[in-house]
Amino acid sequence: MREGEAFLDIRGAEKSFAGNRVLGGVDFGVNRGEFVSLLGPSGCGKTTLLRIVAGLLDADRGSVRLAGSEIGNLPTHKRGVGVVFQNYALFPHLSVADNVAFGLRAQRRPQADIAPTVAKFLDLVHLTEMAARPVRGLSGGQQQRVAVARALAVAPKLLLLDEPFSALDRKLRETMQIELKRLLRDVGITTVLVTHDQEEALVMSDRVAVMSRGAIEQFDRPDAIYLRPKTPFALGFVGHSTRIVGKAGASSDGTLAIETPVGRFFAAASFMGGAPVLLAIRPERIRINAADADANSLDAKLTELVFQGSKVHLHFTAGDAQTLLVEAAQIPPNLAVGDTARLSWSYSDTLIFPHDGTLQ
Amino acid sequence: MIAALKNRLARMDRIAILAVPALVYMIAIFAIPVAGLLLRSFSGPDGFTLAGYVSFLGDAFNWRVIGNTLRVAAITTLICLAIGYPTAVALSRARGFVQVALLVAIILPLSVGVVVKAFAWQIVLRRDGIVANILVGLGVWDTPQLLLFTETGLVVGAANLFLPFMILPIYSVLKLVDPNIQDAAATLGASPVYRFFKVALPLAMPGIVSGSSIVFSLAVSMYVIPSLLIGDRFQTLATLVGRSFLLMRNEQLGAVTASVLLALALAIVAFSSWAVRRKGDSR
Amino acid sequence: MTLAERSATAVVWTIAGAVTVFLLTPLVVTVIVSFGSSAIFTLPPPGWSMRWYERLANLRGLSSALAVSFQVGLLATAASLLLGGMASIALARGRFAGRETILAFLTSPLMLPGLVLGIALLQGMRFAGLRDVWTSLVIAHVIITMPYVVRTLYSALTLFDFSLVDAARTLGCSYPAAIGRVLLPNLAPAFVTSGIFAFLASMDNYAISIFFTNAWTKTLPIQMLNYVEEQPDPTIAAISSLLIGLVLVLLLICERVVGLRRLAEI
């Protein structure tokens, strides 16, 4: 492997469809044994990137290297990249065991190795007793496990998961996420997950790459993505937030004053004075009627209260049209819709972005 | 230049190559000979000529033949539509055994040869055939009459032969129509008659157009059925083509007649695909 | 249900019933006549007999015509399954300009007058210097079978989940191997259906074959039309009944393998 090269190393990947630029020179690297998610809305290019890695699409430009060698020119079946497809793509004409054995047979592994390998992977996904069943009758969760076993059985260098949970209902999805994460960690395989579900990406990954319009906006640990989003897109796509548009004012000692229609706020940042900025706060970082010193605060009227089981969302309005979202563990006592409350949050929880005049 | 071409080829979907063998075959064996036939109809001893067409179209007999062809095809198509549409509706509503029985009734005849069917209709339509007996029994006719070798007999045989090609396209469209749409229209206060003309019929239209165009083009070009059910006295374009090549050995006349027939068939195909597309655009 | 709806339903089912009878009439008549004892076709027949079937055994030209039709049908069907199958994959899967035009072109022989095609093909083969009857028949019949194959396979392929092929490729199959190991077994019903229809269309073809047959090599429909014209007796009905039986068996196999509803999707 070259100096500083990642296990999966993509440089300058570009792809256009009929003149439409889907990937604009993406650099992307995944370390050996790491679990990385490509997170973004549909059409952001994440699936295109996955298909390029698998060799199901050719990039117009750029290099794809895996374990130190260029694979961009290899046909799919010689890349050693396993894929779990969105709809699982199980072979309907084959049984569960034959699905798992498919890749071993296609690669002409020794006959004597096939049965034990199939048994091992069926056991790994707890489907041993289903071996002889046709895949048609399986539940969504079982199908996913067959797809995972099938992809892992040929011992790929890299595993790609293409929205593998989208066909499952919510409850099952959460269980399967944990189960799959544990299984893949035990196997020790390098994995790239493609998803539009931010929760899924945050729960499963060591690192998350947030993608938008054919580019990676931010590539970082899940907590950093959530707490320190680098772009308004990353802020908006991952988690909820309250946004206030304002202008940068004076700054001193690394503290910036921001003038907004609903008051002056401070943040730990530096900006050129007069520049339009976007101020954002995560809803669970806002406190209601707390006695905070050295914190931003404003008075706002409670307009709506949404009970969500383990948490509560409170919608406030300040000034003419500024809405604020606050997340609390429980409904605050002595607060009813129509009441005014004092909202406060610390300087360090105040996120600042350059503002281009549009709100996403 | 070569690099640009290479680039173009590389960007073209490589899978397109799979279509090449079939295309080459169909162009060599089918398209070029058909084009050759068209050319031949324009060629005389001194090169290009319209003489074949002039003499063909100048003959009143040939106009009668064209009239016969179009009339029989149009009546056949209308009959097929009139009884095929309700049958397709029934097929789309039927379930279980009834559906399988209907499908067998439609598909089995489709796979039995035209000679077999023509032969059977010869028996049925004879002066002492079943139909004549039934009509006399019902008092419609006083005495048994010959249906065979009449235009009515021809249309009955043709409709029988081509009916499945009307039913199946309509059925395949009806099958896709959400049954809730009819109910939705009813809850909006649409009367049954209004629902039929404003909801059911427009939805079935693609199937009706494609079924009608298939039946019409099959009926325009049928050969065996007219030969066996009506005989030489009644000529259609197709039988005329057959006669001029097989009996009269007049290739010029045959090529011209064939070209006229081909033009008619192509016009129908073009018109129906235009109609379907226009329908699709207006949605 | 209102009165109007009820009467509409009644009309629909009455017509459907009548159409069923109408469609099956020629088949039923043929079978009945084939078992009749009389040499002139009367309905109902004066008595029953198997004599027309017994005559089949030594009917001049029948077995050779049957053999020619079978061979030509099988070869033409196989060729069009291969060529048409490949083309259908390209049309269903590719993203290149002119796909609709190519589809229309490959299926157009179905909509064109058979007799005209026959003449054009005859002249084309004369021009190319091909005189062998049997070879000409096979080459011409591919034109007849191609539209059936392309129509059915194309519509089946548009519904086929091509991520199965991708999955096979990621598991170590080359593209052709993936087609063979995943697409073919899963689309077997569509191949069977389109193959049967193509074969029957070839077996039944008269208008094109007439230009390529001679006194020694005849296809079944042409031989049968000869019988009808020369010596019309219920022997024809006996041949036809056997063919109806054969088709019924094929349909039953289809129903078993594919389900008849798929057959209706031509």
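Chain letters run A, B, ... following the sequence lines, proteins first and then strands; every chain starts at 1. Computed from a predicted model, the values in this text were never measured in an experiment.
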Student: B/N160 side chain to C/P26 main-chain N or O, any donor-acceptor pair under 3.5 Å?
Tutor: no
Student: Flag the pair C/I139 / B/Y25 as yes when at least one side-chain heavy-atom distance between them is below 4.5 Å, and no otherwise.
Tutor: yes
Student: Where does C/I102 contact chain B at under 4.5 Å (heavy atoms): side chain, backbone, both or neither?
Tutor: side chain
Student: Checking C/A237 against chain B: side chain, backbone, both or neither under 4.5 Å from a heavy atom?
Tutor: both
Student: Does some side-chain heavy atom of C/T30 sit less than 4.5 Å from a side-chain heavy atom of B/I123?
Tutor: no
Student: C/L112 versus B/L266: any side-chain heavy-atom pair under 4.5 Å?
Tutor: yes
Student: Side chains of B/I29 and C/V142: does their closest heavy-atom pair fall under 4.5 Å?
Tutor: no
Student: Measuring heavy-atom distances to chain C, does B/L218 have an atom under 4.5 Å in its side chain, in its backbone, in both, or in neither?
Tutor: side chain
Student: Could you look at B/A35 and say if it's the side chain, the backbone, both or neither that has a heavy atom under 4.5 Å from chain C?
Tutor: neither
Student: By a 4.5 Å heavy-atom criterion (distance strictly below it), what part of C/T25 contacts chain B: side chain, backbone, both, or neither?
Tutor: side chain
Student: Of all of C/L82, C/L83, C/I15, C/L23, which one pairs up most often with chain B through heavy atoms under 4.5 Å apart?
Tutor: C/L23
Student: side-chain contact (heavy atoms from CB on, under 4.5 Å), that's the test. Do B/V98 and C/W13 meet it? Break it down for me.
Tutor: CA-CA 11 Å; B/V98 177; C/W13 284 103; 3.9 Å; yes
Student: Test C/V19 against B/I167 for side-chain contact (heavy atoms from CB on, under 4.5 Å), laying out the working first.
Tutor: CA-CA 10 Å; C/V19 161; B/I167 299 173; 4.1 Å; yes
Student: Answer with side chain, backbone, both or neither: which region of B/V224 has an atom nearer than 4.5 Å to a non-hydrogen atom of chain C?
Tutor: side chain
Student: Indicate yes or no: at least one non-hydrogen side-chain atom of B/P21 is less than 4.5 angstrom from one of C/M86.
Tutor: yes
Student: Would you check, one step at a time, whether the test side-chain contact (heavy atoms from CB on, under 4.5 Å) holds for B/F245 with C/I210?
Tutor: CA-CA 11 Å; B/F245 275 97; C/I210 185 72; over 6 Å; no
Student: Go through the atoms of C/L110 and report whether side chain, backbone, both or neither lie under 4.5 Å from a heavy atom of chain B.
Tutor: backbone
Student: Can you name the nearest heavy-atom pair linking B/P109 to C/L24, along with the distance?
Tutor: CG-CD2, 4.3 Å
Student: Among C/P221, C/G17, C/P109, who wins on heavy-atom pairs under 4.5 Å with chain B?
Tutor: C/P109
Student: Is it the backbone or the side chain of B/L38 that comes under 4.5 Å from a heavy atom of chain C, or both, or neither?
Tutor: neither
Student: Name the option with the most non-hydrogen atom pairs under 4.5 Å to chain C; the candidates are B/A90, B/A22, B/A120.
Tutor: B/A90
Student: Do the non-hydrogen side-chain atoms of B/I15 and C/Y175 ever get within less than 4.5 Å of each other?
Tutor: yes
Student: Under a 4.5 Å heavy-atom cut-off, does chain C meet the side chain of B/S259, its backbone, both or neither?
Tutor: neither
Student: If you look at every heavy atom in B/A105 and C/T20, which pair is closest and at what distance?
Tutor: CB-CG2, 3.4 Å
Student: For chain C, find which of B/R40, B/M26, B/Q122 contributes the most heavy-atom pairs closer than 4.5 angstrom.
Tutor: B/M26
Student: Mind checking whether B/F30 and C/L106 have side chains closer than 4.5 Å, heavy atoms only?
Tutor: no
Student: Taking C-beta and beyond as the side chain, do B/V220 and C/P113 meet within less than 4.5 Å on heavy atoms?
Tutor: no
Student: With rounding to the nearest 0.5 angstrom, report the OH to CG distance, C/Y206 to B/L228.
Tutor: 8.0 Å
Student: Drop me the distance from B/L262's CG to C/I119's CD1, to the nearest 0.5 angstrom.
Tutor: 10.5 Å
Student: With a 4.5 Å cut-off on heavy-atom pairs, point out which of B/V241, B/I83, B/V34 contacts chain C the most.
Tutor: B/I83
Student: Is chain B contacted by the side chain of C/F211, its backbone, both, or neither, given a heavy-atom distance below 4.5 Å?
Tutor: side chain
Student: For the interface with chain C, which of B/A19, B/P33, B/A159 has the highest count of heavy-atom pairs at distances below 4.5 Å?
Tutor: B/P33
Student: Counting heavy-atom pairs under 4.5 Å to chain B, which of C/V150, C/L248, C/L91, C/T14 comes out on top?
Tutor: C/L248
Student: Apply side-chain contact (heavy atoms from CB on, under 4.5 Å) to the pair B/V156 and C/F22, showing each step before the final yes or no.
Tutor: CA-CA 10 Å; B/V156 168; C/F22 177 54; 3.9 Å; yes
